[in-house]
Amino acid sequence: MEIPKTYDPRQAEERHYVRWEAQGCFAPEVNQDPSAPVFTISIPPPNITGSLHMGHALQHTLMDVLTRHRRMCGHRTLWLPGTDHASISTQLVVSRELKKERLTRHDLGREKFVERVWQWKAESGGQITKQMRREGASVDWSRERFTMDEGLSRAVREVFVRLYEEGSIYRGARLINWCPNDQTVLSDLEVEKTPQAGKLYYLQYPVKGSDRRVTVATTRPETMLGDTAVAVSPNDERYRDLIGTTLILPLVNREIPIIADEYVDPEFGTGAVKITPAHDPNDYEMGARHNLPQVIVIDQHARMTEEAGAEFTGLDRYAAREKVVQQFEALGLLEKVVDYEFSISKCERCKTVIEPLISTQWFCRMSEMPRLALDLMNREKKPQFYPEVPYEKVYTDWLENLRDWTISRQLWWGHQIPAWYDEAGNVYVARSEEEARSKAGTNALTQDPDVLDTWFSSALWPFSTLGWPEETADLETFYPTSVLVTGRDIIFLWVSRMVMAGLKFVGAEPFQDVIITGTVLDKHGQRMSKTKGNGVDPMDVFEKYGVDATRLTLAGASAGTDIRWNDNQVESYRNFANKIWNAARFCLLNSEGASVGRGFAGDPQDWALHDRWITSRLNRTARDVGAALDGYQFHEAVYALYHFFWDDFCDWYIELSKTDVTAVDATSQRDAARSRVITVLEQALRLLHPFMPFITEELWQRLPGIGAESLHAAYRGAKVEPTVMLTAYPEADARLIDARAEAEMQAVIELISRVRSIRSELGLKPGEQIQLFVGPANNGLTGLFDESVTAQIKRLTRAAEVSFKSEMTADVVGRASARAALGGGLEVAVPLQGLIDFAQERERLRKERGKLQDEAEKLEKQLANPKFVDRAPADKVNELRQRLTDIEQRIKALEQMLEALAE
RNA sequence: AGGCGCGUAGCUCAGUGGUAGAGCACUACCUUGACACGGUAGGGGUCUGGGGUUCAAAUCCCCACGCGCCUACCA
């Protein structure tokens, strides 16, 4: 059999996914067991304009690990894929394309533009779905969904109509966040605050019929043109007498009142606040409290309106600012200007400064639905967040202080609002135009031109993708889903809204658990971003190190915390993949006469030590991995697998099996040993499969003795070729976890390591054969060293001979020996016939003794403390006593050795 | 302004009351019949600083310093 010495990930990645997908291995229908438990994950739908980034790669890896694990446990698993339509982004992308043709969307008109977007989607919108295949994501493509699909759109209309009919959706004029660049309203969550170095302008407003002036401080002088009051704190002595009097607003000469409101902080600025109800959220509220008029001085393009006065009409807001300041200065009404840092709201997408405007929009009331979600958390602690701290609190805090959600957008791409107006302006909200017509009693209707916030449809994702509002079999079977894996940035935008919608419309939470992943940062700890150009493209990493290594890196990063991306880490997992490849290569090159699943017959107590040991380690690993995955501690699972495979299986088990496995004669002993290594390998491949799907499949396919009967019972009737992904995930058998075998093996390992250490420290050449004395023979441990173990010790320490001595005195082992004191009173000696440098050997032994003495001293001190002995648990005290005894024994042995070496 | 998190080996990070760990990097030796993307043996840490609780603190509490994130209507 030709097996290359180095693993080439590429060819395995190309072969297996296609077959898995074609044979329906990812679809829940592959499961033939009607009583199987169900496991469902609904993917956070990536945006159709996007391409795969490290955040996706991380989340997809975790979802795939969970899905593949549950599938191997025989569960009926569904990981449902799809994408969302991303109104603004997509519209911007397509508009940019049009710009190249010197066209705008208005040139095309709405219908043609939307057609064009669909066309763009068909051509360029499928990038992520291709990339997910490369990742190995075991999603059921036959159930792929898109938020603008007919079915999902129907769900959107249904929800809209129901909410409208019960009064939870309303239309009205409110102060909203307006993006003058994108020409649309934005919800509070799509606005980002950034600190900004600016100025605070102190403007003086004359008091009517008096020489007095009231000074107000503002960061936006241009808004003064729309002021309709000045507010002061009711308890502020400085202004008390002015409350209720009138000011003359400079430049516009409007008379405005001085009002009192608790909101005003007398400590800040001058203690007097100009109030512009039409252009500031706080002023808007105060205006409502005091019934102030709203004077609109800025329009949707952030230019001044006619209301701002003839001189200002049409000026950009910043030009207007300058002009206002100039004129105040000219009038002697500019008291001062100071530098001032404040935070400014920008459009999350285009970074344009948001203009708060009064505008008629559709809103969704946030009163009953957040209550449903909060009640569920209080009552049943659902969904369960991982990590619970701090995300559960982040989630509930947000739900407790929600403002109504602006759901309309002035865009063309998206779900057009199912509301129609007749000529009189009456509104008819309906599931279809026909329904609206029959409600209106006329055909002369125009549909509201706006579309809904993309997140409105995303909120329905976990059930709309399963067929809701129809009562489909999928909805019945797969809802609520099991777990949601996502980033912390969309807990508000998406997670909470899904919970609200799920509770409201299906009557059950959309998922039981929520895993919040960290952010993948660059190696300097910076957020990856296009503008900084510090992003790492997962596709490049796949190409360079392989998909499996990349997945292991992502899964191996600590749960919930941010990940600094570092190629070194992937490289080490690439090396691990190569280690797996070569361990398998060894097994396969020596596989004649071997078969998976054989070799471990009979009572385990009759097996060789290393066989009992590896079986114990394997079962312990299966137990640890299972427990880690149940708690979503992926990194613990990776750690356990890595060390089991490399340290236990490769470094020791394969080495200890080599003599038997590579025997020249085809004996049953040889074949049984071969079967045992290959059986352990096969179990290890199964354990690794959810994390490293490609290499495990590639190798598993080559193992002798695998076939349809290797599959998990739930998949045996399915029409699939044997595949590791449908085998049973190894489950720990508690009876095979053998602490004694592990302790005994530990003694053998210590012996070998110490002898190697002696060899190394004394600078013996690798080929130089030595002799070993081990004893004293009355020690319980020497019973371990049967013929086979002794042979292994010889091989691994390059010893020509191992002799067991009843005593380990200098007389017996010879004065010229390098020696070591092992645990349990065991000693080992390497006689060196004059080669030994006595001074050097004494130094070595003293150093060793020094270390032990330090430790003994600490233990003695602790054990001499009556408080410790009295108050610490008895087994802890015993443990330390035992450790001390062992150390003392070793020290004693070392002292005898030193004595024997004395000049 | 508030809330939360983090600070452990040169680097990236596990560990969260009872003997300080991993990967990478580093040193020495080794082309031994799976693997140099490898093997063997090593070096390296007053667990940010200070105080407290405890028989025992990297781990729990308080304070300080440094870093990061999130939320918020201070003109």
Side-chain angles (χ1 to χ4, degrees), chain A residues 3 5-7 193 200-201 216-220 223 230-231 263-265 267-276 280-286 340 342-343 356 387 389-391 393-394 397-398 401 488-489 491-492 518-519 521 523 525 527 545 549 553 556-558 560-569 571-590 635-636 639 642-643 650-651 654-655 658 662 752-753 756-761 763-767 795-796 798 855 858-859 862 865-873 876-877 879-880 883 887:
Chain A
I3 306 172
K5 282 170 79 163
T6 307
Y7 171 54
K193 308 267 172 144
L200 195 56
Y201 301 84
V216 294
T218 180
T219 54
R220 297 198 63 191
T223 62
V230 165
Y263 161 79
V264 180
D265 174 5
E267 305 294 317
F268 187 88
T270 62
V273 189
K274 62 188 273 309
I275 303 300
T276 323
D280 180 279
N282 301 317
D283 296 4
Y284 178 80
E285 307 241 322
M286 197 178 307
Y340 184 65
F342 61 104
S343 73
V389 178
Y391 298 115
K393 196 164 152 20
V394 166
D397 282 357
W398 188 76
N401 318 281
R488 68 170 92 85
D489 49 333
I491 293 177
F492 307 144
T519 309
L521 306 171
K523 71 173 161 192
R527 249 196 148 72
Y545 299 103
T553 306
S558 182
T561 60
D562 289 351
I563 302 165
R564 279 196 198 199
W565 187 261
N566 191 338
D567 274 8
N568 280 342
Q569 193 60 58
E571 198 178 325
S572 85
Y573 284 123
R574 192 258 333 245
N575 296 350
F576 180 54
N578 196 53
K579 190 74 179 175
I580 295 170
W581 180 259
N582 277 288
R585 184 166 180 265
F586 170 80
C587 296
L588 291 169
L589 291 173
N590 295 288
H635 63 294
E636 286 179 7
Y639 181 90
Y642 185 94
H643 290 285
C650 294
D651 288 353
I654 288 185
E655 289 308 323
K658 254 179 192 168
T662 59
I752 293 169
S753 300
R756 284 170 165 173
S757 179
I758 286 172
R759 291 188 63 114
S760 169
E761 283 174 43
L764 297 191
K765 296 231 167 57
R795 216 170 61 76
L796 297 176
R798 294 263 181 157
E855 206 181 326
K858 269 205 303 206
L859 288 170
Q862 199 169 355
N865 182 350
K867 285 182 185 168
F868 170 71
V869 180
D870 289 350
R871 298 191 198 180
K876 183 51 67 182
V877 177
E879 191 190 311
L880 294 199
R883 207 192 304 156
I887 289 170

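These numbers come from the heavy atoms of this one structure, side chains and all, not from hydrogens, waters or symmetry mates. The chains referred to below are lettered A, B, ... by the order of the sequence lines, with proteins before strands, and numbering in each begins at 1.
- Using modelled atom types, no side-chain atom of A/Thr519 and backbone atom of A/Leu521 make a donor-acceptor pair closer than 3.5 Å.
- With B/G21, B/C29, B/A34 as the choices, the nucleotide that has an atom nearest any side-chain atom of A/Tyr639 turns out to be B/G21.
- Between A/Thr218 and the phosphate of B/A75, there is no side-chain N or O to OP1/OP2 separation shorter than 4.0 Å.
- Here A/Asn578 lies in heavy-atom contact (under 4.0 Å) with a base.
- Between B/A20 and B/U16, the distance separating the two P atoms is 15 Å to the nearest Å.
- Taking for each of A/Trp398 and A/Glu636 the nucleotide of RNA chain B with the nearest heavy atom, the 5'-most of the two is the partner of A/Glu636.
- Comparing B/G10 with B/U48, their P atoms sit 13 Å apart, to the nearest whole Å.
- Between the side chain of A/Arg795 and the backbone N or O of A/Glu655, at least one donor-acceptor pair lies under 3.5 Å.
- The shortest distance between the side-chain N/O atoms of A/Asn582 and the OP1/OP2 oxygens of B/C37 is not below 4.0 Å.
- Evaluation of atom-type donor-acceptor distances gives a pair under 3.5 Å for the side chain of A/Lys579 against the base of B/C35.
- In this structure, CG of A/Asp562 is placed 13 Å from C1' of B/C4, rounded to the nearest angstrom.
- The base-pairing partner of B/A14, taking Watson-Crick or G-U wobble contacts with both distances under 3.5 Å, does not exist among the strands shown.
- Checked against B/C37, B/A34, B/A22, the side chain of A/Asn575 finds its nearest nucleotide in B/C37.
- Pair check for B/A1 finds B/U71; Watson-Crick or G-U wobble, both atom distances under 3.5 Å.
- Rounded to whole Å, atom P of B/C69 lies 10 Å from atom CZ of A/Arg488.
- Of the candidates B/C4, B/U19, B/C73, the closest approach to any side-chain atom of A/Pro390 belongs to B/C4.
- In this structure, A/Tyr639 has its ring center under 6.0 Å from that of A/His643.
- Under a 3.5 Å cut-off, the side chain of A/Arg585 and the backbone N or O of A/Tyr7 do not form any donor-acceptor pair.
- Annotation: B/G23 and B/U8 have their C1' atoms spaced 15 Å apart (nearest Å).
- Within the cation-pi definition used here (under 6.0 Å to the ring centroid, within 45° of the axis), A/Lys876 does not qualify as a partner of A/Phe868.
- Ring centers of A/Phe576 and A/Tyr642: under 6.0 Å apart, within the cut-off.
- Remark: the separation of the P atoms in B/A58 and B/A9 is 15 Å, to the nearest Å.
- Between the side chain of A/Glu761 and the base of B/A28, no donor-acceptor pair of N or O atoms lies under 3.5 Å.
- Note: CG (A/Leu200) to C1' (B/A75) measures 7 Å, nearest angstrom.
- At whole-Å resolution of the value, CG in A/Asn865 and P in B/A56 are 7 Å apart.
- Donor-acceptor pairing under 3.5 Å, judged by distance alone, is present between the side chain of A/Arg574 and the base of B/C37.
- One P atom belongs to B/U54, the other to B/G45, and the distance between them is 32 Å to the nearest Å.
- Nucleotide B/G18 holds its P atom 12 Å from the CD atom of A/Gln862, rounded to whole Å.
- Across the strands present, B/U46 finds no partner; the criterion is a Watson-Crick or G-U wobble pair with both atom distances under 3.5 angstrom.
- If you take atom C1' in B/G7 and the same atom in B/G15, they sit 15 Å apart, rounded to whole Å.
- Looking at heavy-atom distances under 4.0 Å, A/Cys650 makes contact with a base.
- The shortest distance between the side-chain N/O atoms of A/Tyr340 and the OP1/OP2 oxygens of B/A75 is below 4.0 Å.
- Minimum interatomic distance between A/Arg574 and A/Ala549 (heavy atoms only, all atoms of both residues): N-CB, 3.5 Å.
- Of the P atoms belonging to B/A36 and B/A25, the separation is 16 Å, rounded to the nearest Å.
- A/Lys393 places its NZ atom 17 Å from the P atom of B/C70, with the value rounded to the nearest Å.
- The base-pairing partner of B/C65, taking Watson-Crick or G-U wobble contacts with both distances under 3.5 Å, is B/G7.
- For A/Lys658, no side-chain nitrogen or oxygen approaches OP1 or OP2 of B/U32 to under 4.0 Å.
- The residue A/Arg759 sits apart from the nucleic acid: no heavy atom pair falls under 4.0 Å.
- In terms of heavy-atom proximity, A/Lys274 sits nearest to A/Val216 at N-CG1, 3.8 Å.
- The A/Ser757 side chain lies nearest to B/G42 when the options are B/C24, B/A75, B/G42.
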Using side-chain contact (heavy atoms from CB on, under 4.5 Å), reason through A/Trp398 and A/Ile491 one step at a time and then give a plain yes or no. CA-CA 9 Å; A/Trp398 188 76; A/Ile491 293 177; over 6 Å; no
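- Nucleotide B/A28 is matched to B/U40 when pairs are restricted to Watson-Crick or G-U wobble geometry with both distances under 3.5 angstrom.
- Taking atom CZ of residue A/Phe576 and atom C1' of nucleotide B/A34, one finds them 15 Å apart after rounding to whole Å.
- Side-chain atoms of A/Lys5 and base atoms of B/A36 include no donor and acceptor less than 3.5 Å apart.
- Taking only side-chain atoms of A/His635, from C-beta outward, the nucleotide of B/G5, B/A14, B/A41 with the closest atom is B/A14.
- Along RNA chain B, the nucleotide nearest A/Ser753 and the nucleotide nearest A/Asp265 are compared for position; the residue whose nucleotide lies closer to the 5' end is A/Ser753.
- Among the nucleotides B/A14, B/C35, B/U19, the one closest to the side chain of A/Glu655 is B/C35.
- Across all strands, A/Phe492 comes closer than 4.0 Å only to sugar-phosphate atoms, never to a base (heavy-atom distances).
- A/Arg564 has its CZ atom 8 Å from the C1' atom of B/U12, to the nearest Å.
- Using a 4.0 Å heavy-atom distance criterion, A/Pro873 is classed as a base contact.
- Closest to the A/Thr6 side chain, of the nucleotides B/C37, B/C74, B/A34, is B/C37.
- In this structure, A/Thr561 reaches the B/A14 phosphate: one of its side-chain N or O atoms is under 4.0 Å from OP1 or OP2.
- Spacing between B/U31 and B/G39 at atom P, rounded to whole Å, works out to 16 Å.
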